[in-house]
Amino acid sequence: MYGFQNKVLIYCEQITHRLQYVLEWIFHEQMKLDFLVTYDKEEWKRYEGIKINYSENRIQTEDIAIRPHKLIYESGVNSQQLNINRWKKSTVFFYNQPGALIPFDIFSAIFYMITRYEEYLPHKKDAHGRFDPVSSVASQYSFLQAPIVDEWLLSFKYILEKKFGIFLPKKEFEFLPTYDVDIAWAYLNKSKKQTWGGAIKDLLYLRIRWFYDRLVVAALNKADPYDGFKWMEDAQKFYNLKPIYFFLLGKKGPYDRNIDPNHPAMNKLIEHTSSHAQVGLHPSYNSFNSLERVREERDVLAHIVDKPINHSRQHFLRMRLPQSYHLLLELGIHNDYTMGYGSVNGFRAGTSRSFLWYDLAKEIKTSLRVHPFCFMDSTSINTFGKNKIEAFKEAERLVLAVKKVDGRFVSIFHNNNLGRGRENKGWYKFYQKLIELLQQ
């Protein structure tokens with residue numbers, strides 16, 4: 001007989017790349033537990049430790065039995081019957097054992113969510129060619145603003161602790177602030193043609209206050225309304241934050257309107273930012289399927305900061321699976337922060353925690369780590385307009401949801417929304433209030 005071991009023994013009839021991947025994420029990354037897989041029923045019966053029967057067969061009446069769904073044994077992408085139900089106040093799918101301790105295939109359900117399986121299936125695209133959240137199971141069953149994968153894991157952890165009389169390490173809540181620098185300055189460091197062309201447009205559209213601001217900033221070198229960088233750095237020091245700044249460096253286009261990275265002021269801004277924070281690439285609007293564009297933009301940023309670039313987030317969150325992630329891996333970028341929606345705040349992959357991307361096209365676990373975010377300032381601005389009270393209520397709900405599961409709250413703010421200009425005025429106060437809530 002074995003002595004009791006703090007290691008999970010899982011009986012199953014077939015181990016696949018999919019099952020190995022999800023077991024590693026659950027037990028190694030999230031629970032800090034080792035696990036073994038066995039096909040031997042007698043070995044499983046003799047084992048004195050944490051054990052799970054992951055098969056169609058009931059071996060012992062008192063075991064933890066999780067009935068597998070066919071998804072975990074398949075290859076390729078096929079339409080799935082989700083069998084939606086409720087468990088422990090959470091929505092679950094692949095529900096197949098009413099009355100069991102774990103009445104759904106938690107392994108297949110987590111795999112489905114964090115691989116973004118549904119994004120490989122036929123779906124609706126939005127105006128920017130992105131996966132539209134209305135196509136997601138999270139939107140259709142109203143759990144987009146709940147980190148359901150983290151909720152499942154927490155309930156699973158409690159069951160293991162109670163069943164086997166063990167204590168598993170508690171995860172700590174984390175906050176990661178990130179910033180997208182899409183347009184560093186509204187008026188400064190622009191050519192005379194841009195300045196006067198913009199001024200004429202302001203007059204034509206009767207934007208008199210904007211016309212005045214443009215002339216004052218350009219002629220008298222006053223503070224630019226988009227320049228929130230000093231405030232952002234001060235907040236970083238005061239609240240002891242460890243942010244990542246993503247710089248858009250693509251060539252000019254309808255959606256790529258940042259200052260030329262060769263401009264001395266832009267160079268100086270990027271260099272200074274890299275001296276006090278991590279810096280990442282914000283690949284341009286049409287780069288999501290262009291290896292050459294991403295390589296060119298990455299090389300520009302790497303040259304300015306004089307160090308390799310290992311963090312990326314697509315501009316406009318414009319990505320396509322698996323192509324966009326293949327590009328990043330080919331370029332040696334191993335951390336992506338695009339996983340979220342531009343039109344609604346919430347948990348695109350059902351989790352607040354990072355995970356290594358599983359390539360469904362090749363059926364392998366990759367070295368690309370995906371870092372989901374759940375809140376973006378521009379999404380709130382587009383949803384709630386000037387109603388910051390309602391916007392903050394939504395942010396507060398998301399914060400509380402992540403804190404409840406000891407997760408990781410990743411936010412996106414833009415420098416132009418943290419400046420002191422007329423446009424989106426006062427959002428720096430909103431952000432400061434949010435930081436203080438996160439640090440309570």
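No more than 12 heavy atoms of other residues, nucleotides or ligands shown are found within 6.0 angstrom of CD1 on I389. Under a cut-off of 6.0 angstrom, the local environment of CG in D40 is crowded, with over 12 non-hydrogen atoms contributed by other residues, nucleotides or ligands. Counting heavy atoms of neighbouring residues, nucleotides and ligands inside a 6.0 Å radius, atom NE2 of H17 does not exceed 12 of them. Residue-environment remark: NE2 (H303) stays at or below the threshold of 12 foreign heavy atoms within 6.0 Å. Summarising the local packing, OH of Y39 is surrounded by more than 12 heavy atoms from other residues, nucleotides or ligands at distances under 6.0 Å.
At least one cation-pi condition fails for R369 and F355: the charged atom is not both under 6.0 angstrom from the six-membered ring centre and inside a 45 degree cone around its axis. Both the sub-6.0 Å distance and the 45° axial angle are satisfied by K433 relative to the ring of F392. The cationic atom of K365 (NZ for Lys, CZ for Arg) does not lie both less than 6.0 Å from the six-membered ring centre of W357 and within 45° of the ring axis. With F173 as the aromatic partner, K403 meets the cation-pi criteria of under 6.0 angstrom to the ring centre and within 45 degrees of the ring axis.
Ring planes of F229 and W185: perpendicular class, angle over 60° (limits at 30 and 60°). Using cut-offs of 30° and 60° for the angle between ring planes, the Y54 and Y73 rings count as tilted. Using the six-membered ring where Trp is involved, F375 and F430 have ring planes that are parallel, under 30° apart on the 30 and 60° scheme. Ring geometry for F93 versus W152: interplanar angle over 60°, hence perpendicular rather than tilted (30 to 60°).
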- Task: May I have the step-by-step check of side chain to side chain contact (heavy atoms under 4.5 Å, CB included) for R46 and K51, ending in yes or no?
- Result: CA-CA 10 Å; R46 293 193 302 270; K51 55 185 183 179; over 6 Å; no
- Task: Show your working on side chain to side chain contact (heavy atoms under 4.5 Å, CB included) between L291 and L331 and close with a plain yes or no.
- Result: CA-CA 8 Å; L291 179 66; L331 293 171; 3.7 Å; yes
- Message: Set out, in order, the CA-CA distance, both residues' side-chain angles and the distance that settles side chain to side chain contact (heavy atoms under 4.5 Å, CB included) for I114 and W25, then state yes or no.
- Response: CA-CA 10 Å; I114 69 175; W25 187 71; 4.1 Å; yes
- Query: Hey, mind stepping through I183 and N416 against side chain to side chain contact (heavy atoms under 4.5 Å, CB included) and telling me if it holds?
  - Reply: CA-CA 7 Å; I183 309 176; N416 53 299; 5.6 Å; no
- Task: Check the pair F247, H282 against ring pair (Phe, Tyr, Trp, His ring centres under 6.0 Å), reporting the backbone distance first and the verdict last.
- Result: CA-CA 5 Å; F247 284 92; H282 203 30; 9.5 Å; no
- Run the salt bridge (charged side-chain N to carboxylate O under 4.0 Å, His left out) check on D299 and R295 step by step: do they pass? CA-CA 6 Å; D299 290 348; R295 177 185 282 120; 5.4 Å; no
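By the 4.0 Å N-to-carboxylate-O rule, R320 lies too far from E119 to be salt-bridged with it. A salt bridge does not link K268 with E271: every distance from a Lys NZ or Arg NE/NH1/NH2 to an Asp or Glu carboxylate oxygen is 4.0 Å or more. Here E161 pairs with K157 in a salt bridge; the nearest charged N to carboxylate O distance falls below 4.0 Å. The residues E42 and K45 are annotated as salt-bridged, a charged nitrogen and a carboxylate oxygen being separated by less than 4.0 angstrom. Salt-bridge annotation for D336 and R313: absent, with no side-chain N of the basic residue lying under 4.0 Å from a carboxylate O of the acidic one.
The ring of Y358 has its center closer than 6.0 angstrom to the ring center of F111. Taking the six-membered ring wherever Trp is involved, the centroid distance between the rings of F104 and Y95 does not fall below 6.0 Å. If you look at F413 and Y179, their ring centroids are not closer than 6.0 Å. Two rings, from Y255 and H128, have their centers less than 6.0 Å apart. The aromatic ring centres of F373 and Y337 sit 6.0 Å or more apart. When ring centroids are compared, W44 and Y47 stay outside the 6.0 Å threshold.
Rounded to the nearest 0.5 angstrom, S287 OG and R293 CZ are separated by 7.5 Å. Atom CD of residue E13 and atom CG of residue N53 lie 8.5 Å apart, to the nearest 0.5 angstrom. Here the CD1 atom belonging to I10 is positioned 4.5 Å from the CG atom belonging to L23, to the nearest 0.5 angstrom. The line from CG of D234 to CD of Q432 is 10.5 Å long, rounded to the nearest 0.5 Å. Here the CD1 atom belonging to I304 is positioned 4.5 Å from the CG atom belonging to N267, to the nearest 0.5 angstrom. Within the model, atoms CG of N6 and CD1 of I166 stand 5.0 Å from one another, a figure rounded to the nearest 0.5 Å.
Between the side chains of T91 and R86, at least one donor N or O sits under 3.5 Å from an acceptor N or O. A donor atom on one side chain and an acceptor atom on the other are found under 3.5 Å apart for S284 and E297. A donor atom on one side chain and an acceptor atom on the other are found under 3.5 Å apart for E394 and N345. The closest side-chain donor-acceptor pair between N335 and H371 falls under 3.5 angstrom.
Between the side chain of T16 and the backbone N or O of I72, at least one donor-acceptor pair lies under 3.5 Å. Distance alone, capped at 3.5 Å, is enough to place a donor-acceptor pair between the D256 side chain and the Y285 backbone. When atom types are taken as modelled, the side chain of D105 and the backbone of H69 share a donor-acceptor pair closer than 3.5 angstrom. Between the side chain of N382 and the main chain of S343, no donor-acceptor pair closer than 3.5 Å is present.
Between Q14 and L19 the shortest heavy-atom distance is O-CD2, 3.8 Å.
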